[in-house]
Protein chains: 2
Amino acid sequence: MATDEEQFLQDYTPGEYPPVALAVDLVVFAVTESTLYAAFVRRGGHPFKGALALPGGFVGADEDALAAARRELEEETGLELGGHRAHIEQLATYSSPQRDPRMRVVSVAHLALLPTDGRALPVLNPGTDSAAAHWLPVYEVLAGETLAFDHGEILTAALERLAGKIEYTLTAARLLPGEFTLYQLRRVYQAVWNTGRLDAGNFTRKMTGALQDTGRKAIGDKGAPAALFTVREEYLSPPMIRPAANS
Amino acid sequence: MATDEEQFLQDYTPGEYPPVALAVDLVVFAVTESTLYAAFVRRGGHPFKGALALPGGFVGADEDALAAARRELEEETGLELGGHRAHIEQLATYSSPQRDPRMRVVSVAHLALLPTDGRALPVLNPGTDSAAAHWLPVYEVLAGETLAFDHGEILTAALERLAGKIEYTLTAARLLPGEFTLYQLRRVYQAVWNTGRLDAGNFTRKMTGALQDTGRKAIGDKGAPAALFTVREEYLSPPMIRPAANS
DNA sequence: GCAATAGTGTCTTTTAGACAATATAAA
DNA sequence: TTTATATTGTCTAAAAGACACTATTGC
């Protein structure tokens with residue numbers, strides 16, 4: 001009886017379909033009070049020397065792409081945030097034969113969201129492997145920089161995904177601590193959409209149905225003390241709501 | 001100066017990160033008057049012998065995943081539909097190390113929509129490579145069959161994608177000829193959502209804004225002759241509509 | 001008091017959805 | 001005429017959005 005490998009060669013001829021190196025690229029987002037940031041590395045070598053690139057790495061033999069993305073994120077952030085509340089999801093796969101001039105690398109891009117208190121950005125681990133990742137404002141980078149490889153395309157896709165997803169889910173809360181005020185949440189929307197002030201009253205009304213009031217109040221800000229909310233679990237990534245059978 | 005290959009080995013060590021076979025899997029949808037179908041192949045060999053699987057194949061050296069998916073679709077349909085009006089988009093990438101027991105195969109799943117006149121399903125090419133693909137009703141397969149590999153998961157994801165996307169785009173029209181009646185379009189929605197009758201009046205009102213009346217009428221059906229419509233190009237996959245700055 | 005924010009109220013517009021009514025064709 | 005469909009109209013409910021108002025805090 002043929003071994004598994006031999007069986008497989010009936011379908012798979014490595015000459016015609018050569019294996020590829022499988023990588024992950026990460027678009028890691030975090031917000032300050034008013035700005036959306038992403039983590040970038042500055043390339044030190046050929047190709048695209050000196051250009052900005054997304055952090056990433058290769059997929060190991062015993063892990064899938066999501067596990068590799070998680071591992072890379074933990075390396076960037078020094079384990080503290082990666083395991084806990086960071087959100088990672090697959091974005092898309094980039095497989096153009098020419099996307100890396102050195103050899104064929106197929107990359108599964110991921111979107112990662114790090115929670116912040118809205119003031120300071122998470123600390124990035126300085127220089128484990130290649131270069132140190134650092135935060136840059138997303139909209140400024142998109143307007144002014146040409147990224148290495150197809151990373152500009154990936155960054156745009158990630159921003160589209162995030163901007164679209166917060167319209168119908170509470171994914172925006174993944175960029176905040178477990179408890180947050182409506183003011184903080186509103187600032188996240190403004191940062192992601194790069195838009196002007198959203199009306200506080202309407203925002204409150206639209207969100208409160210999906211939020212759980214903890215009863216506690218935030219301390220220390222300017223105006224009246226704001227209530228601290230938690231996301232009801234079922235709203236973090238809700239099942240799709242289909243229109244009723246009469247439409 | 002180091003060659004590209006040598007440079008690259010600074011980052012990439014094939015021992016630690018072995019290359020993978022890159023494949024595509026296809027979820028090909030088409031509708032009859034009332035039912036959503038997908039194309040399946042029956043597995044003839046190990047593993048999952050006898051089980052239903054999705055059509056697919058490996059990615060060649062000179063093509064990206066989308067090109068491979070298009071090529072595979074053309075092989076299934078015999079070129080006639082693949083090049084022209086068929087819609088293909090990337091769905092997600094499946095990379096579990098154990099997803100194929102023979103060796104590591106990473107698969108980029110794609111969603112394909114074939115246009116039909118609403119009566120007969122497109123003809124599938126009988127047996128080019130492994131097995132002949134044939135149409136089966138999607139909801140029946142999901143309810144009753146266990147698919148090979150992780151193809152059940154892929155099929156579910158494809159259905160979710162399609163069902164969700166037709167809520168806010170006119171992607172459903174990709175399952176119809178270039179000109180169609182509102183009745184045909186409504187049947188597509190009912191087939192995809194596996195739901196009862198949608199109200200004809202409300203459906204008309206909701207759709208007409210995105211459709212172009214050709215002025216011509218469909219012939220031969222029971223009741224009053226229905227107008228033939230075309231999709232306004234900007235509605236086939238429209239730019240995201242973000243709420244106004246006041247929300 | 002002043003400035004800034006939190007939260008509520010109100011009004012308008014839009015959209016979804018239920019359902020009735022009329023029109024047009026085939027049998 | 002009967003039957004089945006197309007299309008328009010009407011009404012209600014829900015949601016989005018604009019905007020005013022009051023309450024509560026720090027300074």
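Numbered from 1 within each chain, the chains take letters A, B, ... in sequence-line order.
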When the distance from CG of A:Asp199 to P of D:dG17 is rounded to whole Å, what number comes out? 10 Å
Separation of D:dT7 atom C1' from B:Leu228 atom CG, nearest Å, is 15 Å
To the nearest angstrom, how far is B:Lys217 atom NZ from C:dT24 atom P? 10 Å
A:Glu140: which residues meet the salt bridge (Lys or Arg N to Asp or Glu O under 4.0 Å) condition with it, sequence neighbours left out? none
List for me each residue that meets side-chain contact (heavy atoms from CB on, under 4.5 Å) alongside A:Ala109, sequence neighbours excluded, and say none if there are none. A:Leu91, A:Tyr94, A:Ile154
Extract from the structure each pairing of a protein N or O with an N or O of nucleotides 10-15 of chain D at less than 3.5 Å, listing the distance.
from: D:dT10; atom 1: O4; to: B:Arg205; atom 2: NH2; distance (Å): 3.4

With sequence neighbours left out, what residues match A:Gln212 under side-chain contact (heavy atoms from CB on, under 4.5 Å)? A:Thr230, A:Arg232
Going by the side chain to side chain donor-acceptor pair (under 3.5 Å) test, which pairs reach into residues 142-159 of chain A, not counting sequence neighbours? A:Asp25-A:His151, A:Arg99-A:Asp150
N/O-N/O pairs, protein side and nucleotides 21-24 of chain D side, under 3.5 Å:
from: D:dT24; atom 1: O2; to: A:Ala224; atom 2: N; distance (Å): 3.3

Nearest-nucleotide check on DNA chain D, A:Gly201 vs B:Thr208; residue mapping nearer the 5' end is B:Thr208
Salt bridge (Lys or Arg N to Asp or Glu O under 4.0 Å) partners for B:Arg71, two or more places apart: B:Glu63, B:Glu75
Tell me: OH of A:Tyr183 to P of D:dT25, nearest whole Å? 18 Å
Round to the nearest Å and state the distance from B:Leu182 atom CG to D:dA4 atom P. 21 Å
Report the C-alpha separation of B:Arg174 and B:Lys165 in whole Å, then their side-chain angles, then the decisive distance to 0.1 Å, and conclude whether the side chain to side chain contact (heavy atoms under 4.5 Å, CB included) test is met. CA-CA 12 Å; B:Arg174 307 219 101 123; B:Lys165 201 160 186 178; over 6 Å; no
Separation of A:Met207 atom CE from C:dT8 atom C1', in whole Å? 18 Å
Please lay out, stage by stage, how B:Phe180 and B:Leu175 fare under the test side chain to side chain contact (heavy atoms under 4.5 Å, CB included). CA-CA 10 Å; B:Phe180 51 86; B:Leu175 291 163; over 6 Å; no
Euclidean distance, atom CZ of residue B:Arg186 to atom P of D:dA4 [Å, nearest integer]: 15 Å
Does B:Tyr189 have any ring-ring contact (aromatic ring centres under 6.0 Å, His included) partners at least two apart in sequence or in another chain, and if so, which? B:Trp193, B:Phe203
How close or far is atom P of D:dA6 from atom CZ of B:Phe229, stated in whole angstroms? 10 Å
Tell me every residue that passes side-chain contact (heavy atoms from CB on, under 4.5 Å) with B:Thr35, counting only those two or more places apart in sequence or in another chain. B:Thr32, B:Tyr37, B:Pro137
